[in-house]
Amino acid sequence: MKKLLLLLLALSLIISAAACAQPTEGQTPAPENPVIRLSTTTSVNDAGLLPYLQPHFEKATGYTLEITSAGTGAAIEKGRTGDADCLLVHAKASEEEFIAEGFSEERIPFMYNFFVIIGPADDPAGVKGAASASEAFKLIADTSSQFISRGDDSGTHKAELKIWDAAGIDPDGQDWYIAAGQGMGLSINMASEKQAYILTDKATYLAHELKDSLDLLMEESDELKNTYSMLAVSPDKWPDTNLAGSKAFIEWMTSDQASALIAEFGKEEYGQALFYVS
């Protein structure tokens with residue numbers, strides 16, 4: 001009889017433990033591999049968008065995001081070396097090259113904002129009167145006005161070089177052209193210190209503590225559109241990549257819930273949205 005009671009007690013404990021392990025109604029089941037290594041560009045992180053979205057994503061899916069941010073070139077490289085499961089970046093040509101090399105199957109464009117040209121309030125180059133970004137860059141070169149380049153192979157740096165090319169100008173080696181080799185925030189610090197022109201994404205500019213020291217001189221031209229995409233790293237290259245987690249992140253980031261959150265981000269603090277859903 002004693003053995004039977006002990007057996008029944010053990011069985012009861014096993015059933016209780018199994019019941020506790022099951023998700024309650026409305027609770028998301030724990031993923032098999034709960035950690036997603038997200039490699040992203042500094043702009044979405046420094047502007048505060050990812051820290052704002054992260055708790056909503058984790059609550060909705062049961063996943064945990066491990067976020068590293070760098071210039072787009074360095075962010076994409078983490079996918080090549082197997083140190084990221086998913087990328088969130090903004091350099092279309094580099095993304096397409098990543099896919100062509102077999103590291104991902106597709107890019108998912110999902111939101112955009114605009115690069116802006118900021119600079120000293122007295123605007124010695126006359127950028128504010130330019131009809132396009134390439135014309136503004138030509139005015140900067142013609143007046144030998146100081147210009148700070150990120151110079152770090154980031155998405156912003158690549159966009160800047162594309163505009164110089166459209167203007168028919170090679171700024172390398174010019175005394176007025178300064179390559180910072182830094183992220184967006186530190187590059188804006190340098191532009192503020194030197195009262196120089198710089199290309200930045202609008203979100204980082206509005207969120208920057210020194211934004212009042214530099215004026216917003218040009219925005220929202222066709223040359224300044226800045227598209228963000230996501231790419232899941234392929235298990236064909238890195239078998240241990242968390243593909244299920246990457247797909248869950250991409251699915252949530254393109255959901256109605258995420259779209260609504262992105263559309264509202266920045267309105268309370270800056271009176272305008274900082275990113276727009278594609």
Side-chain angles (χ1 to χ4, degrees), residues 26-31 34-70 72 75-76 79 84-92 94-96 98-99 104-116 154-156 159 184 200-208 219-233 242-278:
Q27 180 182 354
T28 304
V35 177
I36 305 166
R37 300 168 300 164
L38 177 67
S39 180
T40 188
T41 178
T42 55
S43 56
V44 291
N45 214 35
D46 291 354
L49 180 65
L50 276 178
Y52 161 76
L53 294 175
Q54 184 175 359
H56 296 282
F57 166 73
E58 293 180 348
K59 182 179 180 182
T61 65
Y63 282 98
T64 298
L65 280 179
E66 285 186 357
I67 300 170
T68 58
S69 63
T72 285
I76 290 176
D85 302 307
C86 189
L87 308 179
L88 196 170
V89 289
H90 62 141
K92 183 180 179 181
S94 297
E95 295 158 26
E96 290 175 340
F98 187 76
I99 292 168
S104 183
E105 292 186 359
E106 63 176 330
R107 59 186 291 267
I108 313 293
F110 73 106
M111 71 175 185
Y112 67 94
N113 64 4
F114 289 92
F115 292 114
V116 295
S154 62
T156 305
M184 198 70 256
T200 176
D201 64 284
K202 188 176 182 180
T204 303
Y205 167 66
L206 289 175
H208 199 280
E219 61 177 321
E220 297 193 15
S221 80
D222 290 342
E223 291 175 300
L224 296 177
K225 189 174 181 181
N226 178 27
T227 300
Y228 291 88
S229 302
M230 296 174 288
L231 301 93
V233 174
N242 189 352
L243 182 61
S246 294
K247 287 183 174 180
F249 178 71
I250 291 170
E251 182 178 352
W252 186 84
M253 288 290 282
T254 53
S255 70
D256 290 343
Q257 181 189 8
S259 296
L261 289 166
I262 292 168
E264 287 301 310
F265 180 68
K267 286 184 178 179
E268 183 176 343
E269 189 168 357
Y270 306 109
Q272 59 184 291
L274 300 190
F275 298 89
Y276 307 93
V277 177
S278 298

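The structure displayed is predicted, hence computed values, not measured ones. Computed over heavy atoms, backbone and side chain alike; hydrogens, waters and symmetry mates excluded.
Side-chain atoms of Ser246 never come within 3.5 Å of backbone atoms of Ala232 as a donor-acceptor pair (strictly under, hydrogens ignored). With hydrogens and angles disregarded, a donor-acceptor distance shorter than 3.5 Å links the side chain of Ser255 to the backbone of Trp252. Without hydrogens or angle criteria, Ser69 side chain to Thr40 main chain gives no donor-acceptor distance under 3.5 Å. Under the 3.5 Å distance criterion, the side-chain polar atoms of Tyr270 are left unmatched by any main-chain donor or acceptor of Phe265.
Salt bridge Arg37/Glu66: absent, no basic N to carboxylate O contact under 4.0 Å.
Residues meeting the salt bridge (Lys or Arg N to Asp or Glu O under 4.0 Å) test with Asp201, sequence neighbours left out: none. By the salt bridge (Lys or Arg N to Asp or Glu O under 4.0 Å) test, Glu96 pairs with no residue at all, sequence neighbours left out. For Tyr228, the ring-ring contact (aromatic ring centres under 6.0 Å, His included) criterion is met by His90, Phe275, not counting sequence neighbours. For Phe249, the ring-ring contact (aromatic ring centres under 6.0 Å, His included) partners two or more places apart in sequence, or in a different chain, are Phe57. Legend: residues meeting salt bridge (Lys or Arg N to Asp or Glu O under 4.0 Å) with Lys92, ordered by chain and number and at least two apart, are absent. With sequence neighbours left out, the side-chain contact (heavy atoms from CB on, under 4.5 Å) criterion links Thr64 to Glu58.
Atoms CD and CD, from Glu106 and Glu95 in turn, are 12.0 Å apart once rounded to the nearest 0.5 Å. Atoms OG and CD1, from Ser39 and Ile67 in turn, are 10.5 Å apart once rounded to the nearest 0.5 Å. Remark: Glu219 CD to Thr200 OG1 distance equals 12.0 Å, nearest 0.5 Å. Rounded to the nearest 0.5 Å, atoms CG (Leu87) and CZ (Arg107) are 12.0 Å apart. Within the model, atoms OG of Ser43 and CG of Leu274 stand 11.0 Å from one another, a figure rounded to the nearest 0.5 Å. The distance from atom NZ of Lys247 to atom SG of Cys86, rounded to the nearest 0.5 Å, is 12.0 Å.
Taking a 6.0 Å sphere around CD of Glu105, one finds it holds 12 or fewer heavy atoms contributed by other residues, nucleotides or ligands. Annotation: Gln272, atom CD; neighbour count of heavy atoms from other residues, nucleotides and ligands within 6.0 Å is above 12. By the 6.0 Å contact criterion, CD on Gln54 is enclosed, its count of non-hydrogen atoms from other residues, nucleotides or ligands being greater than 12.
Nearest approach of Phe115 to Ala159, heavy atoms of both residues: CE1-CB, 3.4 Å. Contact detail for Ala273 and Ala263: the closest heavy-atom pair is CB-O, 3.6 Å. Scanning all heavy atoms of the two residues, the minimum distance from Leu243 to Val233 falls at CD1-O, 4.1 Å. Contact detail for Tyr52 and Leu261: the closest heavy-atom pair is OH-O, 2.9 Å. The shortest non-hydrogen separation linking Thr227 to Tyr112 is CA-CB, 4.0 Å. Phe110 approaches Ile262 most closely through the heavy-atom pair CE1-CD1, 4.2 Å.
Contact annotation: the side chain of Asn45 approaches that of Pro51 to within less than 4.5 Å [non-hydrogen atoms, C-beta and beyond].
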Which is it for Leu38 and Asp85 under the side chain to side chain contact (heavy atoms under 4.5 Å, CB included) test, yes or no, and what are the steps along the way?
-> CA-CA 6 Å; Leu38 177 67; Asp85 302 307; over 6 Å; no
Any chance you could lay out the side chain to side chain contact (heavy atoms under 4.5 Å, CB included) test for Asn226 and Phe114, step after step, and finish with the verdict?
-> CA-CA 5 Å; Asn226 178 27; Phe114 289 92; 5.8 Å; no
Step-by-step side chain to side chain contact (heavy atoms under 4.5 Å, CB included) determination, Val89 to Leu231 = CA-CA 8 Å; Val89 289; Leu231 301 93; 3.9 Å; yes
Give the C-alpha distance, both sets of side-chain angles, the deciding distance and a yes or no for side chain to side chain contact (heavy atoms under 4.5 Å, CB included) between Thr41 and Met184.
-> CA-CA 10 Å; Thr41 178; Met184 198 70 256; over 6 Å; no
